[in-house]
Each structure stands twice: as structure tokens, then as C-alpha cells.
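As C-alpha cells, the structure follows; a few thoughts come after it.
For clarity, every value in this text was computed on a predicted model and none was experimentally measured. Throughout, residue positions are numbered sequentially from 1 according to the sequence presented. Quick note: numbers below take in every heavy atom, side chains included, and nothing from hydrogens, waters or symmetry partners.
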Amino acid sequence: QVQLMESGGGSAQAGGSLRLSCEASGHADGILWMGWFRQPPGKEREGVAVTSTINRNTYYSDSVKGRFTISRDSPKKKVHLQMNSLEFEDSAMYFCVARSDVLTMAWASRPFDFASWGQGTQVTVSS
């Protein structure tokens, strides 16, 4: 079993920056992908960014491309999400996720493909 522990988050003004981190523990050696989903109030979960743990492949949702950067500290199985140029619409609960299988191109709309989830950390952006 994999445990994911998030840190960071909080509040920022529009245009500001925040940084999230997540570290995997437990049976984490088999993880191939780590990343972030988010869930705004009253909306469904959506993928934000993912990174491979074995190569340099990263993917972003269109809504954050160019503003957010995902990075990793393998082999520590730790990932970071640097969020710049924050917008009010970025306000959401952010969840760290992990997957131990190949990634589909539709990953951002398939939260059920990720077996491991953190408890979530709140990001609030004020306009």
C-alpha cells in the first residue's frame, strides 16, 4: 500500500504563487507516475499535472500549462507543484496521486486510474 503525504498550499492573491509537495511512502517502489488532481467546490475532480518517476515525461492540463510546473525528487518519490500566476479559478482542494501502470492520454479526466490519493490540501486564490 502506498501512502501520500501532501504539504504546502494555503492562500494567495491572484497573480501570486504557491508550492505544493507530496512524498510517497510504503510500497512506493512500483510507482510510475505521480501528480496532482484538484477539485473546485461543487465540481468534479480534474487532472492538473503528472510526472513520470523513471524519465522526464510530464503532462499538464490545458488550464495550467505555462503557469504550473511539476518536478520530482526521485528516488525519494517526492513531487512538487510550483504554481505561478495563480487565478481565482485555481482555488480548489489539491490531491496528490500515484499510479503504478502506464498512463493514458486521457489521464486528466480519469481520476479512477490513480489508485493512490493523498488527503488533499486546500488552495485558495483571492481576486
Side-chain angles (χ1 to χ4, degrees):
Q1 192 171 358
V2 173
Q3 291 83 42
L4 301 174
M5 179 64 72
E6 299 118 334
S7 60
S11 300
Q13 290 191 326
S17 299
L18 286 172
R19 180 178 172 91
L20 306 181
S21 294
C22 172
E23 186 162 11
S25 60
H27 296 152
D29 287 346
I31 294 176
L32 296 181
W33 296 91
M34 290 185 69
W36 300 88
F37 271 69
R38 68 185 181 186
Q39 187 167 22
K43 297 186 178 180
E44 294 184 352
R45 294 185 180 186
E46 59 180 7
V48 176
V50 290
T51 181
S52 168
T53 62
I54 59 173
N55 56 42
R56 296 183 179 276
N57 290 344
T58 59
Y59 298 101
Y60 298 89
S61 67
D62 288 342
S63 60
V64 305
K65 202 172 294 182
R67 300 187 298 120
F68 291 10
T69 302
I70 190 168
S71 59
R72 62 177 172 86
D73 294 341
S74 293
K76 291 184 178 180
K77 294 292 192 298
K78 190 169 186 177
V79 295
H80 311 280
L81 185 69
Q82 179 66 40
M83 303 184 293
N84 297 330
S85 302
L86 284 164
E87 302 172 353
F88 177 76
E89 292 74 20
D90 294 320
S91 297
M93 184 70 78
Y94 282 70
F95 298 91
C96 181
V97 297
R99 176 169 169 82
S100 301
D101 204 340
V102 295
L103 192 74
T104 70
M105 286 299 100
W107 63 271
S109 60
R110 297 173 62 89
F112 40 84
D113 280 356
F114 294 81
S116 302
W117 289 73
Q119 298 225 343
T121 184
Q122 182 68 41
V123 170
T124 302
V125 183
S126 56
S127 57

* **Of I70, V64, L20, the residue whose pairing with V48 passes side chain to side chain contact (heavy atoms under 4.5 Å, CB included)** =>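 With V48 as partner, I70, V64, L20 yield a single side chain to side chain contact (heavy atoms under 4.5 Å, CB included), made by V64.
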* **Partner of W33 under side chain to side chain contact (heavy atoms under 4.5 Å, CB included), chosen from T53, N57, D101, V97** =>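 Filter result, single survivor: N57.
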* Keeping the roles fixed (side chain from E6, backbone from Q119), state whether a donor-acceptor pair exists under 3.5 Å. =>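 A pair under 3.5 Å: yes.
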* Sidechain-backbone polar pair: R19 side chain, G8 backbone, donor-acceptor under 3.5 Å ->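 Between the backbone of G8 and the side chain of R19 there is no qualifying donor-acceptor contact (under 3.5 Å).
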* **Heavy-atom closest pair, residues H80 and S21** =>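 Closest pair (atom of H80, atom of S21, distance): ND1-OG, 2.8 Å.
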* Rounded distance (nearest 0.5 Å) linking atom CD of Q82 with atom CG of L18 ->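 Spacing of CD (Q82) from CG (L18) equals 8.5 Å.
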* If you round to the nearest 0.5 Å, how far is CE of M34 from OG of S100? ->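 Here the rounded value is 10.0 Å.
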* With hydrophobic residues grouped by side-chain heavy-atom distances under 4.5 Å, do V123 and L4 end up in a single group? ->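 Same hydrophobic cluster.
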* **Same cluster (ILVMFWY, side-chain, under 4.5 Å), L81 and L86** =>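 Linked, L81 and L86 end up in one cluster.
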* To do: Please indicate whether Q13 has more than 12 foreign heavy atoms, meaning atoms of other residues, nucleotides or ligands, lying under 6.0 Å from its CD.
  =>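 At most 12 heavy atoms, drawn from other residues, nucleotides or ligands, come within 6.0 Å of this atom.
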* For K65, look at atom NZ and say whether over 12 heavy atoms of other residues, nucleotides or ligands are found less than 6.0 Å away. =>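 Buried by this count: over 12 neighbours within 6.0 Å.
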* Asked: Hey, do the aromatic rings of W117 and F95 have their centres closer than 6.0 Å?
  ->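 Ring centres of F95 and W117 closer than 6.0 Å.
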* To do: Kindly indicate, with the supporting measurements, whether the criterion side chain to side chain contact (heavy atoms under 4.5 Å, CB included) is fulfilled by Y94 and M83.
  => CA-CA 12 Å; Y94 282 70; M83 303 184 293; 4.0 Å; yes
